[in-house]
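Have a look at the structure below before the remarks.
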Amino acid sequence: MRRRSLLIAVPAGLTTLAACGDDGSDSSKASDSASPSASAPSPSAAPPPKIVDGPLPAITAGTKFNEKPTVAKGSGDPSKQLAVKTLVAGSGKTVAENDYIQAHYLGQIWDTAKVFDNSYDRKTPLLIQLSTGSIIDGWRYALAGKKTSSRVEFAVPPTWGYGTQGNPQGGIKGTDTLVFVVDVQDTFNATSSAKGTEVAQDNVDVPKAGTNTDGKAPSIEIPKADAPTKLVANYVIEGDGDEVAADSTVLVQYKGVLWDTGKEFDSTYGRKALTSFSLQQVVKGWAQGLTGKKVGSRVLIVVPPNLGYGDSPPEGSGIKKDSTLVFSVDILAKM
């Protein structure tokens, strides 16, 4: 059974990463009505679709990568298979199933051209894992194998969309074929690392983290000194992305060790699986330590007990009461 991250400070599961909808036009308001992930049906037994070239509606405006597109109404009957076309061919990393992708997108209904969802108006790209149950199957099949910086248009019939139940909140019937235009900005997997400029680690009383960016776990060296009583949050590698806000959802690689022994108690590297969560869900030391830091960075965080688990560590975690925790955190993306 896959071990769950110890960082979540509340018992509830992770919040849905994408939550959006339509208020009668192509709205920028957020809801959980019709994003490709928010109401993804339970994993289906449908076989993989055949990928076909069309038909697909024309893009009549906003034809460049990362521009909000205007898409014509579908003409005639849509394919009963998955129609996919790369409109702008990128030359970046290749997307694989189970990767996390960061992408702008617009979705509309084939028969009516009604836009039920788009991220462009929100000015915030989607960050989601291309895995069964996380997103509708049409996205997984259409985007696997594409390269970052690509624009992809595809038409998803109900079989690989919301099924015969549709998505009533989004105005999607069980017979509707959905048309998506997706601008794939980036992709992340278990080998992803920070990318930026190394920062000197001069304080001999603070742990030092490794600076390797090969996707392997960095080393963490604990000094022979008393643990600090206040939070430490220092750049090891400084990225050049946007700053993380207190309410951001972040995608990270991390490793956590105990100050007293240097023993590792949690790691995404060991699970070979990235972790994504809201900073409002994690221990205070993480939330405070990552707020204001830049995407792309590696951050060393030393969490004193009052900002960690205090006298109530997770059962079976190997963390004793009033432990000081040390983390290396790679901030891969935020939403």
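Put simply, Leu82 and Val184 are part of the same group of oily side chains (I, L, V, M, F, W, Y) that touch within less than 4.5 Å, one to the next. Residues Val252 and Leu300 fall into different hydrophobic clusters, defined by Ile, Leu, Val, Met, Phe, Trp and Tyr side chains chained together at heavy-atom separations under 4.5 Å. Following chains of ILVMFWY side-chain contacts shorter than 4.5 Å, one cannot reach Val329 starting from Ile220, and the two form parts of different hydrophobic clusters. One hydrophobic cluster, built from ILVMFWY side chains closer than 4.5 Å, cannot hold both Phe180 and Val88; they sit in different ones. Leu307 and Val283 fall within a single hydrophobic cluster, where Ile, Leu, Val, Met, Phe, Trp and Tyr are joined by side-chain heavy atoms under 4.5 Å apart, directly or via other members.
Contact detail for Ile331 and Val299: the closest heavy-atom pair is CD1-CG2, 4.1 Å. In terms of heavy-atom proximity, Trp110 sits nearest to Pro57 at CZ3-CD, 3.7 Å. Of all non-hydrogen atoms in Gly210 and Arg298, the two that sit nearest each other are O-NH1, 2.7 Å. Heavy-atom minimum distance, Gly171 versus Ile109: O-CD1, 3.5 Å. Taking both residues in full, the closest heavy atoms of Ala83 and Gly54 are given as CB-CA, 3.8 Å, listed atom of the first, atom of the second, then distance. Listed here is the closest heavy atom pair of Pro78 and Pro55: CA-CG, 4.4 Å.
Atom CG of Asp240 sits in a sparse spot, with 12 or fewer heavy atoms from other residues, nucleotides or ligands closer than 6.0 Å. Within a 6.0 Å radius of NZ in Lys147, more than 12 heavy atoms belonging to other residues, nucleotides or ligands are found. The 12-atom threshold is exceeded at NZ of Lys93, counting heavy atoms of other residues, nucleotides or ligands nearer than 6.0 Å. Taking a 6.0 Å sphere around CG of Asp77, one finds it holds 12 or fewer heavy atoms contributed by other residues, nucleotides or ligands. Around atom CG of Asp53, no more than 12 heavy atoms belonging to other residues, nucleotides or ligands sit under 6.0 Å away.
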(request) Check step by step if side-chain contact (heavy atoms from CB on, under 4.5 Å) holds for Asp266 and Tyr254. (result) CA-CA 8 Å; Asp266 195 14; Tyr254 72 90; 2.6 Å; yes

(request) Would you check, one step at a time, whether the test side-chain contact (heavy atoms from CB on, under 4.5 Å) holds for Leu106 with Val115? (result) CA-CA 7 Å; Leu106 178 141; Val115 175; 4.1 Å; yes

(message) I'd like to know whether Leu251 forms a side-chain contact (heavy atoms from CB on, under 4.5 Å) with Gln102, so could you lay out the CA-CA distance, the side-chain angles of the two residues, the decisive distance to 0.1 Å, and finally the verdict.
(response) CA-CA 10 Å; Leu251 179 67; Gln102 186 166 296; over 6 Å; no

(request) Could you give me the CA-CA distance, side-chain angles and deciding distance for Leu325 and Leu258, then say whether side-chain contact (heavy atoms from CB on, under 4.5 Å) is met? (result) CA-CA 5 Å; Leu325 312 177; Leu258 301 173; 3.7 Å; yes

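Here the CD1 atom belonging to Ile172 is positioned 4.0 Å from the CZ atom belonging to Phe116, to the nearest 0.5 angstrom. To the nearest 0.5 Å, atom CG of residue Asp260 and atom CD1 of residue Ile319 are 11.5 Å apart. The distance from atom CG of Leu290 to atom NZ of Lys334, rounded to the nearest 0.5 Å, is 12.5 Å. Of the inter-residue distances, the one linking Phe154 atom CZ with Lys85 atom NZ reads 15.0 Å to the nearest 0.5 angstrom. From Leu143, atom CG reaches atom CD1 of Ile128 across 12.0 Å, with rounding to the nearest 0.5 Å. Distance check, rounded to the nearest 0.5 Å: CD of Glu97 to CD of Gln129 gives 9.5 Å.
Between Ser323 and Pro305 the shortest side-chain heavy-atom distance does not fall below 4.5 Å. Counting only heavy atoms from C-beta outward, the side chains of Pro207 and Val302 approach each other to under 4.5 Å. Using a 4.5 Å heavy-atom cutoff, the side chains of Pro36 and Leu126 are in contact. Residues Trp259 and Pro223 meet the side-chain proximity criterion, which asks for heavy atoms closer than 4.5 Å. Contact of the Tyr141 side chain with the Val156 side chain is not registered, since no non-hydrogen atoms from C-beta on lie closer than 4.5 Å. With a 4.5 Å cut-off on side-chain heavy atoms, Pro158 and Thr164 do not count as touching. Considering only heavy atoms from C-beta on, Asn189 stays 4.5 Å or farther from Asn98 through its side chain. The side-chain heavy atoms of Ile101 and Trp139, taken from C-beta on, include a pair separated by under 4.5 Å.
The aromatic rings of His104 and Tyr120 sit parallel, their planes meeting at an angle under 30°, below the 60° perpendicular limit.
The six-membered or imidazole ring of Trp286 lies near that of Phe277, with a centre-to-centre distance under 6.0 Å.
When each of Asn118, Asp183, Val182 is tested with Tyr105 by the rule side chain to side chain contact (heavy atoms under 4.5 Å, CB included), just one qualifies, namely Val182. A side chain to side chain donor-acceptor pair (under 3.5 Å) with Gln253 holds for exactly one of Thr275, Thr268, Thr191; it is Thr268.
A donor-acceptor pair under 3.5 Å is absent between the side-chain atoms of Arg140 and the main chain of Ser134, judged by distance alone. Side-chain atoms of Thr213 do not come within 3.5 Å of backbone N or O of Ala194 as any donor-acceptor pair. Of the possible polar contacts, none joining the Ser150 side chain to the Val152 backbone as a donor-acceptor pair under 3.5 Å is found. Ser248 places no side-chain N or O within 3.5 Å of a backbone atom of Val250 that could act as its donor or acceptor partner. The backbone N or O of Pro47 lies less than 3.5 Å from a partner atom in the side chain of Trp160, making a donor-acceptor pair. When atom types are taken as modelled, the side chain of Gln81 and the backbone of Lys50 share a donor-acceptor pair closer than 3.5 angstrom. The backbone N or O of Lys255 lies less than 3.5 Å from no partner atom in the side chain of Ser267, so there is not a single donor-acceptor pair. Asp330 places no side-chain N or O within 3.5 Å of a backbone atom of Leu332 that could act as its donor or acceptor partner.
With Tyr235 as the aromatic partner, Lys293 meets the cation-pi criteria of under 6.0 angstrom to the ring centre and within 45 degrees of the ring axis.
Under 4.0 Å is where a charged nitrogen must lie from a carboxylate oxygen, and between Asp117 and Arg122 at least one such pair does.
With hydrogens and angles left out, the side-chain atoms of Lys146 and Thr86 include a donor and acceptor closer than 3.5 Å. Using modelled atom types and a 3.5 Å distance limit, the side chains of Glu238 and Thr197 yield no donor-acceptor pair. For the residue pair Tyr162 and Asp176, no side-chain donor N or O sits within less than 3.5 Å of a side-chain acceptor on the partner.
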